[in-house]
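These numbers come from the heavy atoms of this one structure, side chains and all, not from hydrogens, waters or symmetry mates.
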Amino acid sequence: MSDPMGLLGILLGLALLMGLAFRGWSVLLLAPAAALVAAGFAGEPLLAHWTQTFMGGAAGFIAQFFPLFLLGGVFGKLMDDSGSVTAIANGMTARLGRKRAILSVVLAGALVTYGGVSLFVAFFVLAPMAHAMFRAADIPHRLMPGTIMLGASTFTMSALPGTPAIQNAIPMPFFGTSPWAAPGLGLIAALVMAALGLWWLDYREKQARKAGEGYSLSDPDGREATERALDDSVVREHGAISTEFDPAEMRHGEHGRSEPGFWTALAPIGVVLMVNLLMTAVVLPRMDTGFLADPRWGGTTIGAVAGVWSVALALFAACLAVVLLNRANLPSLRATLDAGANSAVLPVLGVGSLVGFGAVVASLPAFGMVRDQVLGIGGGPLVSLAVATNVLAALTGSASGGLTIALDTLGPTYLRIAAEQGIDPGLLHRVAVIGAGTLDALPHNGAVVTLLAVCGSDHRNSYLDIFMSSVVSALVALVVVILLGSLIGSF
């Protein structure tokens, strides 16, 4: 079969995946179907691609990253049921006051997600807080989604060094890096995203006040919208893949009757960051890990697993901290743990299916044309890597899915080019993660659809602010990182 037909199959597969996923179809069905469409147009054996190529790619991703999905889901559910996420949000409100409503919501979202709380849990808890703050400050509720997205799903996901977000973990096995890759550049990127996003939201708030527009939602605390979102099967499909947490599990478990103090609630987040740093900088470098080369352990190296080990142990330690500090606020610990564990299943299978689709596409002869075009983009490997992760995240509507597909198919090539040109793999890591976290917030992205539903808004009223605070700010930060990395190197 000719390469043009193969390329047409890839494009049709992507169109099928994007179009039906946006309408709420399950990725578990769409990803293999789209992969078989691409393989069929290329004249390749369909069953072999399904059982060998697709399932091999999906299984590899699940085997590598399921511990992080599992522990992240458990930690998020423990923080939610114990009242810790709410306590952190309320603590930020009390400290900053209603005059700084937007800043309060952004900082609360940043604190909980930088500490490892799942994105959907953050959305679910932050939305009622934002409704209360915006109502008190008389700020239009249409600005809520952009505000929550800025705090919970931009710089804490892709830029801040040490973040336990799955997106920051994905490049580690490919590049042999740690969660703290290129920390200086990551901090600069985070500051750029936060500053630009806050500037835009402040500008929009002032515009609204001049026009005499205030908070006008008939549902004063937003609870009705949040409850509708939890009952919406389309939101479940979108939310599970893009927020690494199955929304259906929010109704399971049992909430405590009181909230911990602000500092008690914050302590497990400190545990995540501290254990992550100690494992990366102190513990693992001193361990004798030569045994990993044995076939019994997959013939791997510490560089391929150190990042995942660090984040996994950090999340496990944080789960223990939540239980020890909040046992009285966890009336049904088993139910909470079960709900947290179950919340990881649909997300990891969904993202794994996207990776399986990418594995099939990458194995097709026509993909060589795509690869050569990407690698031939002017500006050097950092620019072409940023374009590849941006485009794939945009097409799949998933930062983690797009990033894994990009690195599965092009990661070894970029690592070889980096070695030839003296580029620090940590710089590749940071560029890839920030790149995946930019165009993944286009209108069809699951996190965007989920957040709008949770906030009781829609694309027409709120998407411009999401785009400016999440996409544009991240693109500017990405350009800054590429320029500084090209001129100075990684730091």
Side-chain angles (χ1 to χ4, degrees), residues 65-89 91-92 107-123 125-126 151-172 177-181 183 186-187 190 243-245 260-284 305-327 329-330 336-337 340-341 343-344 347 400 429 433:
F65 294 109
F66 181 65
L68 303 189
F69 279 82
L70 175 66
L71 291 168
V74 170
F75 178 59
K77 190 59 178 166
L78 284 169
M79 289 287 285
D80 179 41
D81 281 2
S82 67
S84 296
V85 180
T86 303
I88 292 170
M92 294 306 304
L107 291 180
L111 275 175
V112 297
T113 52
Y114 187 43
V117 173
S118 301
L119 192 57
F120 185 83
V121 175
F123 286 172
V125 175
L126 289 172
S153 186
T154 56
F155 53 91
T156 59
M157 181 185 80
S158 62
L160 282 178
T163 174
I166 189 67
Q167 291 82 2
N168 194 43
I170 287 170
M172 298 188 297
T177 49
S178 79
W180 305 86
L187 284 172
T243 66
E244 287 86 44
F245 191 96
F262 177 75
W263 295 109
T264 300
L266 208 56
I269 290 176
V271 170
V272 171
L273 300 175
M274 185 61 67
V275 173
N276 191 354
L277 181 59
L278 287 175
M279 287 292 293
T280 300
V282 179
V283 178
L284 291 180
V305 298
V308 173
W309 285 9
S310 297
V311 176
L313 189 60
L315 289 171
F316 177 74
C319 289
L320 289 179
V322 178
V323 173
L324 292 174
L325 292 171
N326 298 279
R327 187 63 187 90
N329 290 329
L330 293 166
T336 294
L337 293 175
S343 75
S400 51
H429 175 128
V433 178

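Across every non-hydrogen atom of Ala87 and Ala265, the tightest pair is CB-CB, 3.8 Å. The two residues Ser82 and Pro260 come nearest to each other via the heavy atoms O-CD, 3.3 Å. Across all non-hydrogen atoms, the minimal contact from Tyr114 to Gly162 is CE1-C, 4.3 Å. Across Leu71 and Cys319, no two heavy atoms sit closer than the pair O-SG, 4.0 Å. For the residue pair Gly109 and Leu126, the shortest heavy atom distance occurs at CA-CD1, 3.5 Å. Closest approach of Ala318 and Phe75 over heavy atoms only: CB-CE1, 3.6 Å.
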Under the criterion side chain to side chain contact (heavy atoms under 4.5 Å, CB included), I'd like the reasoning laid out for Leu78 against Leu337: C-alpha separation, chi angles, the key distance, then a yes or no. CA-CA 7 Å; Leu78 284 169; Leu337 293 175; 4.1 Å; yes

Decide yes or no on side chain to side chain donor-acceptor pair (under 3.5 Å) for Thr163 and Asn168, but give the supporting numbers first. CA-CA 7 Å; Thr163 174; Asn168 194 43; 5.4 Å; no

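One finds the CG atom of Leu111 at 6.5 Å from the CD1 atom of Ile88 (value rounded to the nearest 0.5 Å). Taking CG of Leu160 as the reference point, atom OG1 of Thr154 lies at 8.5 Å (rounded to 0.5 Å). Atoms OG1 and CG, from Thr86 and Asp80 in turn, are 6.5 Å apart once rounded to the nearest 0.5 Å. Separation of atoms CG (Asn329) and OG (Ser84) is listed at 7.5 Å; rounding is to 0.5 Å. Once rounded to the nearest 0.5 Å, the distance linking CE of Met92 with CG of Leu266 reads 9.0 Å. Atom CE in Met157 sits 10.0 Å away from atom OG1 in Thr113 (nearest 0.5 Å).
In summary, of the residues considered (Ile269, Val74, Val112, Val121), a side chain to side chain contact (heavy atoms under 4.5 Å, CB included) with Met79 occurs for Ile269 alone.
At a threshold of 4.5 Å between non-hydrogen side-chain atoms, the residues Phe245 and Leu119 do not count as touching. Looking at heavy atoms from C-beta onward, Lys77 lies out of side-chain contact with Ser343 at the 4.5 angstrom threshold. Side chains of Val282 and Leu277 form no contact here, defined as non-hydrogen atoms less than 4.5 Å apart.
Checking side-chain atoms of Asn326 against main-chain N and O of Val322 turns up a donor-acceptor pair under 3.5 Å. At distances below 3.5 Å, not a single donor-acceptor pair connects side-chain atoms of Ser118 with backbone N or O atoms of Phe120.
The environment of Phe316 atom CZ is sparse: at most 12 non-hydrogen atoms of other residues, nucleotides or ligands sit within 6.0 angstrom.
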